[in-house]
Protein chains: 2
Amino acid sequence: MKLSVRGEYALRAMQVLARDFQEDDSVVRIQEISEKQNIPKRFLEQILNDLKSAGVVQSKRGVAGGYRLKRKPEQITLAEIIRHIEGPLAPVSCVSEKYYEKCSCPDESRCAIRAVMKELRDSIVQVMEATTLADLADRARALEQQPLNPHDFMI
Amino acid sequence: MKLSVRGEYALRAMQVLARDFQEDDSVVRIQEISEKQNIPKRFLEQILNDLKSAGVVQSKRGVAGGYRLKRKPEQITLAEIIRHIEGPLAPVSCVSEKYYEKCSCPDESRCAIRAVMKELRDSIVQVMEATTLADLADRARALEQQPLNPHDFMI
DNA sequence: TTAATCTCTACTATGTCAATAGTATTTTTG
DNA sequence: CAAAAATACTATTGACATAGTAGAGATTAA
């Protein structure tokens, strides 16, 4: 059920771009994202390049180059990012809406596991479609306000 | 976010054992599970062996040998099975209750992604903890009643 | 022209999926 | 009681995907 490291890095990189997003053409260097998030730089390059072909980010080459979100943070969901990096959100492909593949079981229509996996897919998709990069940035800003570990504030 | 093939096979095998479960000492042969579910036999052996050390099934060797659930189907959840086969249910280890691991991000307590992943973990755990092998067997029986593909019955 | 940056391709290491082969145990049968 | 057959058990191996590294090239600003 785990996200791949690739997928996790992608989300963390997008969180940085979302947090620093401005309407002008300002970009953030790979180096900077890499340092802020402890992500291996060369690996991050590949991931950002993927997200570029996916239309999530755009890049500027050369000396003052870097990456920025191609659309507003409100218009990019976590689901979109993960689908481009990892493929289906569904735990098994036979319940995927966007990447359906027949599974090896004898009769999908009578597979009880498939029924449960559909429920699971729905809850996963629900969360990932509902959360945009803008939400992420808002939350990040809120968390930055807290001076200490949030556990200390739980009543 | 995908289940490994191993995990999927484990669930499908347990579905068979749950469906055929009886209070006596009857066992089901690997061969039979393998045929019913189109799972490579030799691979299934390894998976069932894992589930044996996990205390989910028990085995009987020799001519009339095979596998059976070690406990009643009501007492085995999908969460237990997947945790033993795959490890954490959480999409990233830094939000796992049972298998927590520090992640590489600079400050977990201020990571917005982590907050979202926690929500996701909760919905996943909710479904997997709530579903027992008895539920699966009930659903399987109900689906067997339906003569045709359930899509045909949706209004 | 130089330096900083992204881009592209290739390579390595590790882990997972799956198949293969052989071993150990139990029941049946002669 | 011993041999044979059926079954679970264990270890090894190869193919493929994932994670990460490396080098050379292309583009841009100063």
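Residue numbering restarts at 1 for every chain, and letters A, B, ... go by the order of the sequence lines.
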Base versus backbone protein contacts along nucleotides 14-20 of chain C [heavy-atom cut-off under 4.0 Å; B, S, -]: ---SBBB
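- By the side chain to side chain donor-acceptor pair (under 3.5 Å) test, B:S34 is found to be paired with no residue, residues two or more places apart in sequence or in another chain being considered.
- Listed by residue number, there are no residues of residues 99-107 of chain A with a heavy-atom contact under 4.0 Å to DNA chain D.
- Residues meeting the side-chain contact (heavy atoms from CB on, under 4.5 Å) test with B:A142, sequence neighbours left out: none.
- Between the CD1 atom of A:I85 and the C1' atom of D:dA17 there is a distance of 15 Å, given to the nearest Å.
- Every residue two or more places apart in sequence or in another chain that forms a side-chain contact (heavy atoms from CB on, under 4.5 Å) with A:A13 is listed here: A:I33, A:L44, A:L48.
- Looking at residues 48-64 of chain A, you'll see A:R61, A:G62, A:V63 sit with a heavy atom under 4.0 Å from some atom of DNA chain D.
- In this structure, CG of A:D25 is placed 12 Å from P of D:dA29, rounded to the nearest angstrom.
- Heavy-atom distances under 4.0 Å link DNA chain D to B:R29, B:I30 of residues 27-37 of chain B, given in residue order.
- The shortest side-chain heavy-atom distance between A:P106 and B:K36 does not fall under the 4.5 Å cut-off.
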B:D50 and B:H84: CA distance, side-chain angles, deciding distance, side chain to side chain contact (heavy atoms under 4.5 Å, CB included) verdict: CA-CA 8 Å; B:D50 278 1; B:H84 273 112; over 6 Å; no
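- Under the side-chain hydrogen bond (donor to acceptor under 3.5 Å, both in side chains) criterion, the residue pairs touching residues 60-74 of chain A are A:R71-A:E80, with sequence neighbours excluded.
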Let me check something: any side-chain donor-acceptor pairs from residues 21-30 of chain B under 3.5 Å, sequence neighbours excluded? List them with distances.
residue : atom : partner : partner atom : Å
B:D24   : OD1  : B:S26   : N            : 3.0
B:D24   : OD1  : B:S26   : OG           : 3.0

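- Residues meeting the side chain to side chain donor-acceptor pair (under 3.5 Å) test with B:Y100, sequence neighbours left out: B:E108.
- Within the structure, side-chain hydrogen bond (donor to acceptor under 3.5 Å, both in side chains) contacts touching residues 89-98 of chain A (residues at least two apart or in different chains) are A:S93-B:K2, A:E97-A:R121.
- Evaluation of the side chain to side chain donor-acceptor pair (under 3.5 Å) rule for A:D138 yields A:R141 as partners, not counting sequence neighbours.
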